[in-house]
Q: 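To start, I am sharing the structure in question, which I have written as structure tokens.
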Amino acid sequence: MAAEPLVRLIDVTRSYRLGEVDYQVLKGVSLAIEGGEFVALQGPSGSGKSTLLHILGLLDQPTSGRYELEGRDVSHLSDDEQSGLRNRTIGFVFQSFYLVPYITALDNVLLPGLYSPTPTGRLKERAQELLAQVGLSDRATFKPSQLSGGQQQRVALARSLINDPRLVLADEPTGQLDSTTSTEIMNLLKAINAQGRTVIVVTHDEATAAYARRRILVSDGLVASDG
Amino acid sequence: MGSWQATADVRILWRVLGTSLAGLTAYKLRSLFVICATALGIAALTVIVAAVDGAQRKAVEITEMFGPDAAFVLGGDIFTHAVGQRVMTLSWEDARTIERSLPGVSLVVPMRSRQNVKAKAGNENIDVGTVVGSTSNYAKAWDWPLSEGRDLSVEDVENSAKVALIGDDPSRLLFGQASPVGQVIFVQNIPFQIIGRLAYRGVSGGGGNIDDRIVIPLSTLTQRFNLDRKYFRALRVRFHDAADMPANAAHLRSLLRHLHHLGPNEADDFSILTADEILKFMSMLKGSLVAFLGVTAAAAILVGGFVLANLFYLSVSERTHEIGLRRAYGATSLHILLQFLAEAVALTLIGALVGLVLGLALGQTLARLNILEIKLSWKIFTLALTSAVAIGVVFGLRPARRAARLDPIQALRGSDE
């Protein structure tokens, strides 16, 4: 188990059919990410980094090649198997937070838990703990519209951890935040990484990328540099 | 392992349903519209079922009251209602001849009545709905038991005696719990001695309360109320054998045609009703009631369903991010389908409850105004809830499936564009 990387991509391609032509977004990506790494995924728009993130997050599947997660081939799972594996293994953080507007901060934090086998009482305790970890215990009953952008993203960070995932994928997590708030969020992500979780951040922003110990630059559907 | 998995699955499904309930209060306007639309459909359905059951019950009651061995003869042709036709065609002579010469006849009771007559006893003044003039044996002819006292006798009729049978309603109004028998009641200022009290019947016989009546000898009625002495409006004929009522009615018709000197090409100047006849008429009435109310209810339900479907399509596109997020975090497409379907069904169920209350109130009002006879039952409740679930599932399914089939990546992308 220790010898297996958490994530391994082997010659992964992804192409879309647009009319008559196949448009290849990923042209053969191979990489391995060990458990506990903090990785920044960078690249210009249209480089294929978003598609790569979707494949890593089991929201999309490679056209060819192989994706191994925790040593297991997950390239061609059924939709329900993908859903189950996302629920157990992966936490997502998005640029626009994506909190459900009509439920409280606490309910937003435990939302991914609803689809897990964990009993509801246990989920509530854990959601409270996580809100405390991001410093929002006193905002548990607030609706997202009553929270600032930075607070919303902190709720989203707490939410990503409710099912105790090994992998956290953050897509431009600071894209809508000012620099002070961005620093708060990145420090929280660093803390999450320090708990032993693997964190992969997609970002344009150099300051954000600087938190990562490893940077992977994607360009034109290929890994241009790694290290 | 298997049962642990099952427990977890049930737990997740339960929480998905909880999620639906949160959605109800979140989108209040949508919920309100769907509830209202469904409520109207279910209210229409409630009224129709109550009315149809009411008509059915009334038909049965009328038959029972009418008696399977009896025919009712009315002057004039009530089926074609020729304008200006003479309706006073039944004479004492007819009644006597039928009783004497028609085989199988056990009893002939001519009847006349006056509506809304003032009556008084002591200091109490009331309006009596119907004062019936009858020959002897009124209670027996109508299978109407007396709760106390005696029936009208042959002597009462011959002597035009000032005696009366009192219905349950005026008895209670004038004498309360006390026995009316032996008391004197003034009907249009003429004193009558009460000789018997009709048992409570409680059946509404075509508008008006059947217990709201006083029965006096026919001869007394015609004399004291200045009515035509030769003819009367109706005649009740009972037969010994109920098995062959169509033949009995046919014989009665031939005899009356003969007595009235009607030629072969002339129409009847009287109408014969039997229980069968009345049931036929009632079922015809019921048929048109079902058709009219059925179309109304179906239209209302259809409109409710389309309102639901459209508002849910709107809701799904409004909530793509939520759907994408739930999918990313491990909700299966089945979970999403169930979440939206449960929202739809919960709303239609609430709508059904509102509709039931609305429909029952409307039905009660119509019944009180004597427009409709209604009957309430658990069947209505069950039917309303079942239809509500059906509306929710049928019209909620397409939007729910659209939500379930959204590609999570597309759904999450929504806002950034």
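In what follows, chains are A, B, ... by sequence order, proteins preceding strands, each numbered from 1.
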Q: Looking at every non-hydrogen atom in both residues, tell me the closest pair between B:Ile409 and A:His54 and how far apart they are.
A: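 Nearest pair, atom of B:Ile409 first, then A:His54: CG2-CE1, 3.4 Å.
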Q: Considering only heavy atoms, which portion of B:Arg327 lies under 4.5 Å from any heavy atom of chain A: side chain, backbone, both, or neither?
A: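 Interface part for B:Arg327: both.
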Q: Taking the side chain as everything from C-beta on, heavy atoms only, tell me whether B:Leu325 gets closer than 4.5 Å to A:Leu111.
A: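 B:Leu325 reaches A:Leu111 side chain to side chain.
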Q: Quick check for you: to the nearest 0.5 Å, what is the distance between B:Thr332 atom OG1 and A:Glu81 atom CD?
A: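 B:Thr332 atom OG1 to A:Glu81 atom CD measures 12.5 Å (nearest 0.5 Å).
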Q: Taking side chain as everything from C-beta outward and backbone as N, CA, C, O, which of these in A:Leu59 sits under 4.5 Å from a heavy atom of chain B? Side chain, backbone, both or neither.
A: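 For A:Leu59, backbone and side chain are both near chain B.
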Q: Considering non-hydrogen atoms only, spot the tightest contact between B:Gly330 and A:Tyr115 and give its length.
A: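 Result for this residue pair: O-CB, 3.9 Å.
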Q: Is atom OH of A:Tyr23 surrounded by more than 12 heavy atoms (other residues, nucleotides or ligands) closer than 6.0 Å?
A: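 It does not: A:Tyr23 OH has 12 such atoms or fewer within range.
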Q: Answer yes or no: is there a side-chain heavy-atom contact under 4.5 Å between A:Leu114 and B:Gln339?
A: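 SC-SC contact between A:Leu114 and B:Gln339 ruled out.
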Q: Kindly give the heavy-atom pair with the smallest separation between B:Ala22 and A:Ile103, and that separation in Å.
A: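 B:Ala22 and A:Ile103 have their closest heavy atoms at CB-CG2, 4.3 Å.
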Q: Using non-hydrogen atoms and a 4.5 Å limit, figure out which bit of A:Ile90 sits close to chain B: side chain, backbone, both or neither.
A: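 Only the backbone of A:Ile90 comes within 4.5 Å of chain B.
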Q: So how far is it from B:Arg11 CZ to A:Ser116 OG, rounded to the nearest 0.5 Å?
A: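 Reported to 0.5 Å precision, the distance equals 8.5 Å.
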Q: Does atom CZ of B:Phe33 have more than 12 heavy-atom neighbours from other groups under 6.0 Å away?
A: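 No.
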Q: Heavy-atom pairs under 4.5 Å with chain A - which of B:Gly18, B:Ala331, B:Pro408, B:Ser333 has more of them than the others?
A: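 The answer is B:Ala331.
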Q: Which answer fits A:Arg88, side chain, backbone, both or neither, if we ask what part of it has an atom under 4.5 Å from a heavy atom of chain B?
A: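 A:Arg88 has no heavy atom closer than 4.5 Å to chain B.
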Q: Could you walk me through whether A:Ser83 and B:Arg326 satisfy the side-chain contact (heavy atoms from CB on, under 4.5 Å) test, starting with their C-alpha distance in whole Å, then the side-chain angles of each, then the deciding distance to 0.1 Å, before giving a yes or no?
A: CA-CA 10 Å; A:Ser83 299; B:Arg326 288 182 190 276; over 6 Å; no
Q: Please indicate whether B:Arg401 has more than 12 foreign heavy atoms, meaning atoms of other residues, nucleotides or ligands, lying under 6.0 Å from its CZ.
A: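 No, not enclosed.
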Q: What part of A:Leu123 is in contact with chain B, defined as an atom under 4.5 angstrom from a non-hydrogen atom: side chain, backbone, both or neither?
A: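 Only the side chain of A:Leu123 comes within 4.5 Å of chain B.
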Q: How close do A:Phe94 and B:Ala328 get, heavy atom to heavy atom, and via which atoms?
A: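 Closest pair (atom of A:Phe94, atom of B:Ala328, distance): CZ-CB, 4.3 Å.
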Q: Kindly compute the distance separating CZ (B:Arg405) from CG (A:Asp79), expressed to the nearest 0.5 Å.
A: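 Between B:Arg405 CZ and A:Asp79 CG, I get 12.0 Å after rounding to 0.5 Å.
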Q: May I ask you to decide if the ring planes of A:Tyr98 and B:His321 are parallel, tilted or perpendicular, using 30° and 60° as cut-offs?
A: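 The arrangement is tilted - the two ring planes meet at 30° to 60°.
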Q: Assess whether atom CZ of B:Phe292 is packed by more than 12 heavy atoms of other residues, nucleotides or ligands within 6.0 Å.
A: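 Check fails, neighbour count at 12 or below.
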Q: Tell me which of these, A:Pro101, A:Pro165, A:Ser50, A:Ser160, has more heavy-atom pairs under 4.5 Å with chain B than the rest.
A: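 Ranked by contacts with chain B, first place is A:Ser160.
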Q: Measure the CD1-OH distance between A:Ile162 and B:Tyr329 for me, rounded to the nearest 0.5 Å.
A: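 Here the rounded value is 10.0 Å.
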Q: Quick check for you: to the nearest 0.5 Å, what is the distance between A:Asp60 atom CG and B:Asp407 atom CG?
A: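 Answer rounded to 0.5 Å: 7.5 Å.
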